[in-house]
Amino acid sequence: MRFIHTADWQIGKVFKQFGSKEEALRQARLAAIERLGTLARSHGASHILVAGDIYDNEAPNVITLRAPIERMKPFTDIHWHLLPGNHDPHRPEGLWNRVAQLGLPPHIHVHLKPEPIPLSDGAFLLPSPLLRKSEYSDLTDWMDSAATPPGALRIGLAHGGVINFASEGEAANPIDATRPAKAGLDYLALGDWHRTCQISPAVWYAGTPEPDRAGGQERGAALLVNVQGHGSPPSVTPLSTGTYRWLTRTEKLTDGGELADIDQRLRAEQDLSRLILRLRLEGTLPLAAHAELQRRLVDLEAAVFQLDADQAALAVRPTQADLESIDFDGVLRRSADRLKTLADDVTQAPELRRRAEEALIELYLRAVARQPREAA
């Protein structure tokens, strides 16, 4: 049997920090659903298992509620299997009742009970829907005793965190990583972690089809799973599904000589216009190099989809060469010299030195900005 395993769509997720670009990210999450359907067709997979968190919250508006359903509707040859997760648990008279009232077509299935569901090719789906955001017992326990015909493929579907049950403390929505052995599962499709991750040969997290945070999964993905027969190890192949790539980089700066190389490496990334780049800059720069960095960052921000440049760990240290490179008039030059002397004086209070340094940087940048206009 061949199917696609996906999870954590979180339709309706908010991206307020992106301002006017927010809607593009929200639409990309919907486009990923259509991409999943197309991939299922091209790979001959007749089922798509969604391991929880179809929606980002329990109270989507009427458009957000319908949007993923409408994206699945055209793929009538694909069976979509939806499982409530911790973002969209099945509560009485809640989200999934609203979904049911829409009148779902026969190829879209919502699994609200822990019971064996016949699929095709002698396979059964064993879903474990969440009824609340946090469970402290393992909802996959029921799979151990779930009755299916002899020799049938058994595929588990759940949403939660794999934990070591010998460890101390409790975990919300725990799942025993050895469940396949205990329940005779041929594959356990999991959701919750937003990274594609193999726990064991038969236990995988699909990750998210469209990433949503820095430091997480860089590219959206889903898993193409092929199980030849009961007891056979599954073949799992990651598939690319995302529109945007979330990249995090840390760069160490010393004297500014590395700026061109860093700029070139970042611009060599694929699909630059769809790159969401979190760039952390560390080290120390002279004033002239700092000014060049700011110009390069402006150009880079215009080239990528989104740039978050963290310069909190980057210090600027004015050098004598910085001051000599600017044609200050008498008063400005004396002010600059005094500020530099104050900033370099280790006997002064740290706050005073910091303010002197900031004032010198501002003076330098203003002088640099003024020069082209005066020369024109």
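All figures in this text were calculated on a predicted structure; none of them were measured in a lab. Residues take their numbers from the sequence shown, with the count starting at 1.
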Determine the interplanar angle of the His111 and His81 rings, folded into 0 to 90°, and report it as parallel if under 30°, tilted if 30 to 60°, perpendicular if over 60°. parallel
Is it the case that atom CD in Gln348 sees more than 12 heavy atoms from other parts of the structure closer than 6.0 Å? yes
Are Glu218 and Pro211 packed together at the side-chain level, in the sense that at least one heavy-atom pair is separated by less than 4.5 angstrom? no
Please report the closest heavy-atom contact between Trp246 and Ala214, naming both atoms and the distance. CE3-N, 3.4 Å
So, His159 and Asp53: side-chain donor and acceptor under 3.5 Å apart, yes or no? yes
Residue set satisfying side-chain contact (heavy atoms from CB on, under 4.5 Å) with Lys182, at least two apart, ordered chain then number -> Asp144, Asp176, Thr178, Arg179
For Asp255, which residues count as a salt bridge (charged side-chain N to carboxylate O under 4.0 Å, His left out) partner, sequence neighbours excluded? none
Counterpart residues, side-chain contact (heavy atoms from CB on, under 4.5 Å), relative to Val304 (two or more places apart): Leu272, Leu275, Leu300, Leu307
Please lay out, stage by stage, how Leu297 and Leu279 fare under the test side-chain contact (heavy atoms from CB on, under 4.5 Å). CA-CA 10 Å; Leu297 288 177; Leu279 181 62; 4.0 Å; yes
Give a yes or no on this: more than 12 heavy atoms of other residues, nucleotides or ligands lie within 6.0 Å of atom CD of Glu351. yes
Tell me whether the count of non-hydrogen atoms from other residues, nucleotides or ligands lying under 6.0 Å of CZ in Arg267 goes above 12. yes
Geometric class of the Trp80/Trp9 ring pair [parallel <30°, tilted 30-60°, perpendicular >60°]: perpendicular
Please check if atom CZ in Arg355 has more than 12 non-hydrogen atoms from other residues, nucleotides or ligands closer than 6.0 Å. no
Start with the C-alpha gap between Glu258 and Lys252, add the side-chain angles, then the distance that decides, and say whether salt bridge (Lys or Arg N to Asp or Glu O under 4.0 Å) holds. CA-CA 9 Å; Glu258 58 277 281; Lys252 181 75 172 180; over 6 Å; no
If you count every heavy atom of other residues, nucleotides or ligands that lies below 6.0 Å from Gln17 atom CD, does the total exceed 12? yes
Close side-chain approach of Arg26 to Phe15, heavy-atom, < 4.5 Å: yes
Roughly how far, to the nearest 0.5 Å, is the CD atom of Glu357 from the NZ atom of Lys340? 10.0 Å
